[in-house]
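Below you'll find the structure, written out as structure tokens, and then a few comments.
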There are 2 protein chains.
Amino acid sequence: MYLLHLLNFKEYFMKFAKDQQNRWYENKEKILVAVDCIIFGFDNQTLKLLVFKREIEPLKGLWSLIGSFVRPNENANQAVLRILKDLTGLENIFMEELRAYTDVNRDPGARCISIAQYALIRIDKENEELVNKHGAYWFSIDTLPKLVLDHDTMVQDALEKLRDKAQRTPIGFELLPKYFTIPQIQTLYEQIFQKEIDTRNFRKKLLSLNFLKKTDMKDKSSSKKGAYLYEFDYDKHHDQDFLIK
Amino acid sequence: MYLLHLLNFKEYFMKFAKDQQNRWYENKEKILVAVDCIIFGFDNQTLKLLVFKREIEPLKGLWSLIGSFVRPNENANQAVLRILKDLTGLENIFMEELRAYTDVNRDPGARCISIAQYALIRIDKENEELVNKHGAYWFSIDTLPKLVLDHDTMVQDALEKLRDKAQRTPIGFELLPKYFTIPQIQTLYEQIFQKEIDTRNFRKKLLSLNFLKKTDMKDKSSSKKGAYLYEFDYDKHHDQDFLIK
DNA sequence: TCAAAAGTGTTTCGGGTACACCCATGG
DNA sequence: CCATGGGTGTACCCGAAACACTTTTGA
């Protein structure tokens, strides 16, 4: 039987599938499959979540995550990227699966499972306008409105995963502009973990990881002295340990 | 608009859904949704995976994970528990979602997404016989056969997740009998991480966590001196840190 | 000149790791 | 009596955490 593994699997499969696929796949109930996006953003002040205000019935006026049904010719990942592109104009956004929400009655309108995904983007003027045009708004994560269905749970789960991930990998950089200051990163981490971090220890640890390139530019937008701008040095980051608590 | 949140949501929804659900849900393609189970087991020697040998066409003779389509009246979790119950007779099995596999062509027989879940069970004679009756067999994880579709990927992903999880939470106990010895746990961890662990450090760390209750029984099945049997003390385990590398 | 944020070093403490020998027992 | 696996203690090292003052500059 091990020989079979060497055969062209797809060909072999199709040979039988044509005759027999009804036996295997028949009478199996298909289900609506959606993706919902937990989109985090950072405006150099607070961590925010992008939510969508429904302006048509049903559920007019309620807040909701942005989602879509998965189409026949795309996988879940592609569905999310499609949404993000439409909504923000951005491509190459960091995103990762959170988990699937499959309860039978989670959506009273129809049996529908959702594969929730979270994404991280930088908030800037261009995408903020575009986003507003689509009826979406940024909410600070500590003043979120009630969301429809199980979307509140999704957001909480996503926050937990984000914290977990941020501790072990330099995830924050997806949320920062190309050039950023150390105090900016620190604010971001303080927002993610919702607690204050010691300046000296944070800076020491961060710089010791050796993946920040210092520039000779300064950002004076938040102090008179000005803070040096850094950029992420992708060459030097090789998934080393990155424990920041 | 905030007042709306206080209304009975489901009632409100249904009022519109009846008229309008076609507008929202119509023409949305439904998809087959399966669960696949990555079932790990431990027989006090090696970490094993339960795989299923297809004895009917299509794919006769090929090895595969155990799976099933999700039925209209169950969520993914319930589907997995149903499979595990049928297959092993066991209930209350530890299981957790791995992730969803949604590529358009992952299953050449039909568009079908799979929500992969991994589970941990102890292997004993009773469930081993039952399992064999269903055409399923335990394979040591370092001598796995080639599996169909994307199941190899699922197994690798599950192993990674298992390792990650085992490092930060005392997960191994799902895989051990009620009473077990310290050398047994160590073997389990050596299997999971595929490397040798220092006896003294392991024992020291494990006991310092204070959730093992020593009994006065000894297991002499693997040495003349015999090793003390312990049991898991659920009261004392409060999700403390549990870093074992 | 002063307010406000940026930037910098040292000490302490705990946990991780490395490492080698004695113990108990059945055959 | 000896082979086999069970069980124990110490020293070192490194990274995390705690902690306070100087620098710069625009207003």
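Quick note: numbers below take in every heavy atom, side chains included, and nothing from hydrogens, waters or symmetry partners. Letters A, B, ... mirror the listed sequences (proteins, then strands); counts begin at 1.
- For A:S223, the listed nucleotide lying nearest its side chain is C:dA5; candidates were C:dG7, D:dG26, C:dA5.
- Screening A:F232, A:Y230, A:F173 against A:F180 for a ring-ring contact (aromatic ring centres under 6.0 Å, His included) leaves a single residue, A:F173.
- Remark: A:D86 pairs with no residue by the side-chain hydrogen bond (donor to acceptor under 3.5 Å, both in side chains) rule, at least two apart or across chains.
- For a distance-only test at 3.5 Å, the side chain of A:K204 qualifies as a donor-acceptor partner of the base of C:dT10.
- Of the candidate nucleotides D:dA20, D:dG26, C:dT25, D:dA20 has the atom nearest to the side chain of A:R200.
- Contact check on B:D164 versus B:R168 returns a salt bridge, with a Lys/Arg side-chain nitrogen under 4.0 Å from an Asp/Glu carboxylate oxygen.
- Between A:K224 and A:P183, the residue anchored closer to the 5' end of DNA chain C is A:K224, taking for each the nucleotide with the nearest heavy atom.
- Between B:K220 and C:dG26 there is a side-chain polar atom (N or O) within less than 4.0 angstrom of OP1 or OP2.
- Looking at the side chain of A:N201, the nearest of the listed nucleotides C:dC19, D:dC19, C:dA6 is D:dC19.
- Comparing B:L207 and A:D198 by the nucleotide of DNA chain D whose heavy atom lies nearest to each, the residue mapping closer to the 5' end is B:L207.
- Contact between the side-chain N/O atoms of B:K205 and the OP1/OP2 oxygens of C:dG16 is found at a separation under 4.0 Å.
- Here the C1' atom of nucleotide D:dG6 and the OH atom of B:Y228 are 10 Å apart, to the nearest Å.
- A cation-pi arrangement is absent between A:R200 and A:F202, since the terminal nitrogen or guanidinium carbon is not both under 6.0 Å from the aromatic centre and inside a 45° cone about the axis.
- Put simply, CD1 on A:I197 is 10 Å from P on D:dA17, counting in whole angstrom units.
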